[in-house]
Amino acid sequence: MPLYEPGLAQLIRTQQAEGRLRFTDRPEVALEGAQIVFIAVGTPTGPTGEADLTYVRQAAREIAGCARGPLLVVNKSTVPVETADLVERIIKGNGNAADFRVASNPEFLREGSAIGDFMHPDRIVIGASDPHAVAMLRELYAPLGAPVHVVDIHTAEMIKYAANAFLATKISFINEIANLCAAVDADIDGVVAGIGADARIGRTYLEPGLGFGGSCLPKDVAALAMVARAHAIEPTMLEATLSVNRRQVTHAIRLIEDLLGGDVCEKEIAVAGLAFKAGTDDIRESPAMVLVEALITRGASVTAYDPIAQRHARRVLRDRVRFATSVYDACASAHALVIASDDRLFAQLDWPRIARTLAAGNVVDLRNRLDPAVVRQAGLTYAGVGRNRKEIFAS
Ligand code: UGA
């Protein structure tokens, strides 16, 4: 597998062995006898923040070039509103007389839990104006038993961006509140529990930390802001979401410096977790990687460890950091251990052993996943994001 996704390799092996899945790089082979074709290509961020649609266009051209019978072309890639129109123009402008219909069917799965999210979706969104296209997609998804939202194509495209932008906004909101908690000596865990108990607010996506990363949230918020600007609408909320997110690493550095009692220059820092979140080896837009770069720029010497993303991180960071074989190894002679991803492994560490290994007993929990009492019991000094500072100094 080119990427780590729990269960995916096995699922693909099973489907291939049972004859339901085959791979080809020849579009005419893939389309032979097909009634539905999904475009599920990458839409990276272009030079000015817009979604780069090169691969979507290429797929549309290839489909138009070799489709023979009636075909439903479904866009699953995350694309700006009006991209389905573009796909339709490319396909129909190609001179192919086959009967094409175009629909949008955005995906809401998360890396690390992709299979579960796909099999048990909260909803299926079908964007199509053609009743036959809607019926085909309804039938296709019927076995999943999920509620189906049928909307027009532009609305479906908007739902995808709005969902990711809202999740990102929740995260930036709670990060700003966590930073405020730190300033006024309030406790973010209590605040999240207190506001999350309100059914109108809910508790999900209110985990403060290093900010959101990955190949979706940052890219999609930026792309939606571009769409807004293209329509002369100032994306005030979206810009604020991105700007809070960018600043979160600076807050993290400040937290580390507070604990060290000075700047990080010439300090040895152990960083545990490099992926953008737990359960993946993806380091794209990983806030942990941004933090490591920021620490190096400020003159710290960094030892890093990640249970699965180390291979990819090594390619980017090369010999600018030392890579450790475990968190304990990373801690050897370090002035602080910084937990930078929400990997479950880090919540179960042997803290007395860490206390014996660290040169100075500082633990900075940038994902608030540790139990401060357990860490302190081992004789370590603990700081989390917006977690009550009085307790930090009491330890
Ligand atoms: C995200 C969306 O959650 C999916 O619904 C969507 O389908 C996907 O993007 C996509 O567009 O393809 P994903 O990028 O896998 O999924 O990551 P999330 O689990 O949403 O996490 C994004 C980032 O936010 C991570 O860095 C995570 O650590 C961070 N996060 C998440 C927080 O800092 N706090 C939270 O409360 C939740």
Side-chain angles (χ1 to χ4, degrees), residues 3-6 8 40-45 51 75-80 104-118 120-125 156-179 188-189 191-193 195-196 201-224 241-242 244-249 251-252 273-291 306 309 339-344 346 365-369 384-386:
L3 50 83
Y4 175 82
E5 182 63 42
L8 190 58
V41 295
T43 50
T45 304
N75 185 53
K76 207 170 236 317
S77 299
T78 304
V79 291
S104 164
N105 170 225
E107 185 53 61
F108 302 101
L109 54 79
R110 293 160 298 172
E111 284 185 41
S113 54
I115 298 174
D117 288 349
F118 182 86
H120 309 285
D122 293 328
R123 77 301 205 186
I124 303 283
V125 172
E157 291 172 328
M158 195 64 187
I159 287 172
K160 171 66 194 187
Y161 270 137
N164 274 1
F166 188 70
L167 295 173
T169 302
K170 280 185 97 172
I171 298 167
S172 276
F173 173 82
I174 208 61
N175 278 332
E176 188 157 295
I177 296 293
N179 298 338
I188 191 65
D189 294 347
V191 171
V192 169
I195 65 172
I201 297 174
R203 285 199 68 140
T204 54
Y205 278 75
L206 289 180
E207 284 171 17
L210 253 182
F212 56 83
S215 64
C216 302
L217 263 46
K219 161 177 88 76
D220 293 351
V221 180
L224 188 56
T241 295
L242 290 171
V244 169
N245 201 50
R246 278 191 294 268
R247 281 201 296 259
Q248 206 55 17
V249 167
H251 278 283
L274 297 167
F276 84 96
K277 64 170 183 178
T280 173
D281 63 353
D282 197 342
I283 55 163
R284 285 174 291 174
E285 304 267 334
S286 167
M289 293 289 285
V290 179
L291 175 77
D306 188 289
I339 306 289
S341 97
D342 52 346
D343 200 297
R344 253 183 249 130
F346 304 142
D365 176 11
L366 296 177
R367 296 292 192 145
N368 285 6
R369 288 299 175 96
V385 180

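All ligand and atom numbering here is 1-based and tracks the order in the structure. Bear in mind the structure is a predicted one, so any value in this text is a computation, not a measurement. Numbering starts at 1 and runs along the sequence shown.
- By heavy-atom distance, the residue among Phe108, Tyr205, Phe276, Phe212 lying nearest atom 18 (P) of ligand 1 is Tyr205.
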Enumerate donor-acceptor pairs with a distance under 3.5 Å from any side-chain N or O in residues 210-223 to protein atoms, sequence neighbours excluded.
{"residue": "Lys219", "atom": "NZ", "partner": "Thr43", "partner atom": "O", "Å": "3.2"}
{"residue": "Lys219", "atom": "NZ", "partner": "Thr43", "partner atom": "OG1", "Å": "3.2"}
{"residue": "Asp220", "atom": "OD2", "partner": "Asn164", "partner atom": "ND2", "Å": "2.7"}

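- For ligand 1, the atoms closer than 4.0 angstrom to any heavy atom of Lys160 are 6 (C), 7 (O), 10 (C), 11 (O), 12 (O).
- Only the backbone of Leu109 comes within 4.0 Å of ligand 1, judged by heavy-atom distances.
- Contacts of Ile174 with ligand 1, taken as heavy-atom pairs under 4.0 Å, are absent altogether.
- Protein heavy atom closest to atom 10 (C) of ligand 1, with residue, atom name and distance, is Cys216 SG, 3.1 Å.
- Near Asp220, with a cut-off below 4.0 Å to any heavy atom, the atoms of ligand 1 are 11 (O).
- Of all atoms in ligand 1, numbered sequentially from 1 with element shown, those under 4.0 Å from a heavy atom of Leu167 are 3 (O).
- Ranking protein heavy atoms by distance to atom 34 (N) of ligand 1, first place goes to Glu207 O, 2.9 Å.
- The part of Arg367 lying near ligand 1 is the side chain, judged by heavy-atom distances below 4.0 Å.
- Below 4.0 Å from some heavy atom of Glu111 lie the following atoms of ligand 1, by number and element: 15 (O).
- Listed by number with element, the atoms of ligand 1 under 4.0 angstrom from any heavy atom of Leu206 are 36 (O).
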